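What you see is a predicted model, and the numbers here were worked out from it, not measured in a lab. Just follow the structure's listing: the first ligand is 1, and inside any ligand the first atom is 1.
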Amino acid sequence: MDLTLTPITVAHGDGVGPEIMSACLRILEAGGARLAPEFIPLGETVWRDGHSAGITPEGWASLRRTGVFYKAPVATPQGGGMKSLNVTIRKSLGLYANVRPCTAYAPFVATRHPAMDLVIIRENEEDLYAGIEHQQTQDVVQCLKLVSRPGCERIARYAFEYARSQGRRRITCMTKDNIMKLTDGLFRRVFEEVGQDYPEILQDHMIIDIGAARIADSPEAFDVILTPNLYGDIISDIAAQVAGSVGLAPSANIGTRCAMFEAVHGSAPDIAGQDVANPSGLLLAGLMMLNHVGQGEAAARIHNAWLSAIEDGVGTPDMVRDHGALGTQAFATELIARMGQSPQQLQPAAPRRTPPAPISNHAPAPRAEKTTIGVDLFIDWQGDVNSLAARLKTLEQGPLELRMITNRGVKVWPEGLPETFCVDHWRCRFMNGGSAIPLRDIAALTLRAAEAGLEFIKTENLCAFDGQPGFSLGQGQ
Ligand code: NAD
C-alpha cells in the first residue's frame, strides 16, 4: 500500500451519480490528488437489498476506517419505512458542521450579484432536527427544539477556525433570539463568548428574518454566516439560488472523526445516462475534500483549471446555453488538459487547508447550582379556563400555588381576555413562592391531578441556575 495516498470512501450513488463521480475521480487524479478510494454501494440498490438505511455494514466499516466520504447524490426512495440517508449518515457519524460556500462566477455564470462570495456554516445535529415530536392532545402536536451548550461551542469554534484558515474577515451569526431567548439566545451568547478568542475577525448578529431578506437582496455584503440547523437549511438554498449556480454548489459535512463531501444537487434522474450532467458541484466538493485532507496544492491546481474553463465559456449544457456545450466526460477531459492554467479575470484559487474539527481549549464551565422552584403541568382539557383553574386550585398543597395558565403561550388566567382563542392544551404553572420544591412534591401534584380526573400530558420542571430562571417567564409574570 502506498502510504502517501489518503484513503477515502467513495459512493457513486444514483441517477447521474455514477457519471459525475467517475468524471470527478479522473479530474482529481489528473490534478495530482493522492487518494486511495474504497468504493461502497449506496442508495437504491442497497435499499432494494433490504438495508433500510441505504448503506451496508461494510459501507459503515469503510467510512469509520477512512473518515472521509466522497459521495455522489442518491435518490430518496418513495414509500414509507426508508430513512433519509443523509440524515442517517450525518447523525451517525457526528457531522455537526455543514459548510456551504456560495460564490458567483460573473460574468461567466449569470447572476444579479456578481460580487457574491459567502459561506454558510450551519449547525447540523441539533435544533428542531432532533426529530422528537409528539401529538399531545387532539388539537396539538409538538416538536422539541434542543440546543446544547457543547453543540453551540463546537459549531461556533469551527466557524471561527474556518474563517481564520480561509482568510475570511467577518462572521455574521443569525438567530431568532428576540423570540426564542433561551435556545437561540444560547446559540448567540456562545458565538459571542467563543468570538472573544478571535479578535481579528469582525463579528455581528442579525435576526434571521432580516438576515435572510438581506441575503436575497445584497448577498455581497456577507462573508461567513453561522446559524442553527433549520435557518441554515433554508438560507443555504436561498444563497445558492441567488449565486445563480445551484448546479455548481458544493457542500461539506464535518465532524470530529469523519467528514462527507457532496454536491448540493440531487440525482437528476431526468438526465441520467445521457452524458450531459454537470460534474462541477461534485468536483468543487472534491476540492473541499482535498483541502480538508491537506492536499491544498492539488485543490488549487484543479480549481484554477476549472475557473479557466468557465472563463472561456467551456462547460456542460446547463452552463453553456448556446452551441458548443460538452458532455460530462468531454468536459472532464477538457479540464484535465487545462491543468496548470489559471484564470485571467476570476480570482485564482490558492491552497488553503481547512481546519480539522476544533478541540475546545476552554476548561469545562463549573456546574451551576440548580434549584427546582416550580413546575409547568400540561393538561388536556376541553372547557373554559375558569372551571379548569377552579379544579387546579384544589390541587394546591402547602406553599405550592397555581400561578398562571397559558394556552399556546398566551396567558389566559388570571385576568385573561375573552377574545383569546384557546385549544385543548393548557400549561398550568405551579410555584413554591420562589423557593426550592422537592421533586417528590411535583410527583405528588401529578398524582393529585390524576386522582382529580385531570388528564395531564407532561410536566416541565422550572429550574433556576445560579439563581437565574432557566425558563421563559410567560406573559404577565
Ligand atoms: P435534482 O437536483 O436532482 O434535479 C433538479 C433539476 O436540476 C433537474 O432538472 C436536473 O436535471 C437538474 N440537475 C441536477 N443536477 C444536475 C447536474 N449535475 N447537471 C445538470 N443538471 C442537473 O433534484 P430533484 O429532481 O428534486 O431530486 C432528484 C432525486 O435526488 C430525489 O430522489 C431527491 O430526493 C434526491 N436528492 C438527493 C440529494 C443528495 O443525495 N444529497 C440532494 C437533493 C436531492
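N278 and S280 are linked by a side-chain donor-acceptor pair at a separation below 3.5 angstrom, with hydrogens and angles left out of the test. Side-chain polar atoms of Y198 and E161 form a donor-acceptor pair below 3.5 angstrom. Using modelled atom types, one finds no donor on one side chain facing an acceptor on the other under 3.5 Å when comparing T66 with E38. A donor-acceptor pair shorter than 3.5 Å can be found between the side chains of D184 and Y231.
Contact annotation for P269 and ligand 1: only side-chain heavy atoms (C-beta onward) come within less than 4.0 Å of the ligand. For T76, heavy-atom contacts with ligand 1 shorter than 4.0 Å involve the backbone as well as the side chain.
Of the N or O atoms in D270, one or more lie within a sub-3.5 Å distance of an N or O in ligand 1.
In this structure, I20 does not count as a contact residue of ligand 1, since none of its heavy atoms falls inside 4.0 Å of the ligand.
The distance from ligand 1 to the heavy atoms of A268 drops below 4.0 Å at these ligand atoms: 3 (O), 10 (C), 11 (O), 13 (N), 14 (C), 15 (N). Taking a cut-off of under 4.0 Å to the non-hydrogen atoms of E262, the atoms of ligand 1 that pass are 41 (N). Under a 4.0 Å criterion applied to the non-hydrogen atoms of P73, ligand 1 contributes the atoms 40 (O). Atoms of ligand 1 found under 4.0 Å from any heavy atom of A277 (numbered from 1 in listed order, with element): 19 (N). With ligand atoms numbered from 1 in the order given, ligand 1 contributes 32 (O) to contacts under 4.0 Å with heavy atoms of A75.
When V16, L248, N278, V276 are checked for heavy-atom proximity to atom 19 (N) of ligand 1, N278 turns out nearest. Among V264, V246, V74, the residue whose heavy atom lies nearest to atom 40 (O) of ligand 1 is V74. Nearest-heavy-atom check against atom 1 (P) of ligand 1 across G54, G266, S280 picks out G266.
No cation-pi contact links R214 to F222, judged by a cut-off of 6.0 Å to the six-membered ring centre and 45° from its axis. Both tests do not hold together for R100 against Y162: distance to the six-membered ring centre under 6.0 Å, angle to the ring axis within 45°. The cationic atom of K370 (NZ for Lys, CZ for Arg) does not lie both less than 6.0 Å from the six-membered ring centre of F465 and within 45° of the ring axis.
Between the side chain of N253 and the backbone N or O of A259, no donor-acceptor pair lies under 3.5 Å.
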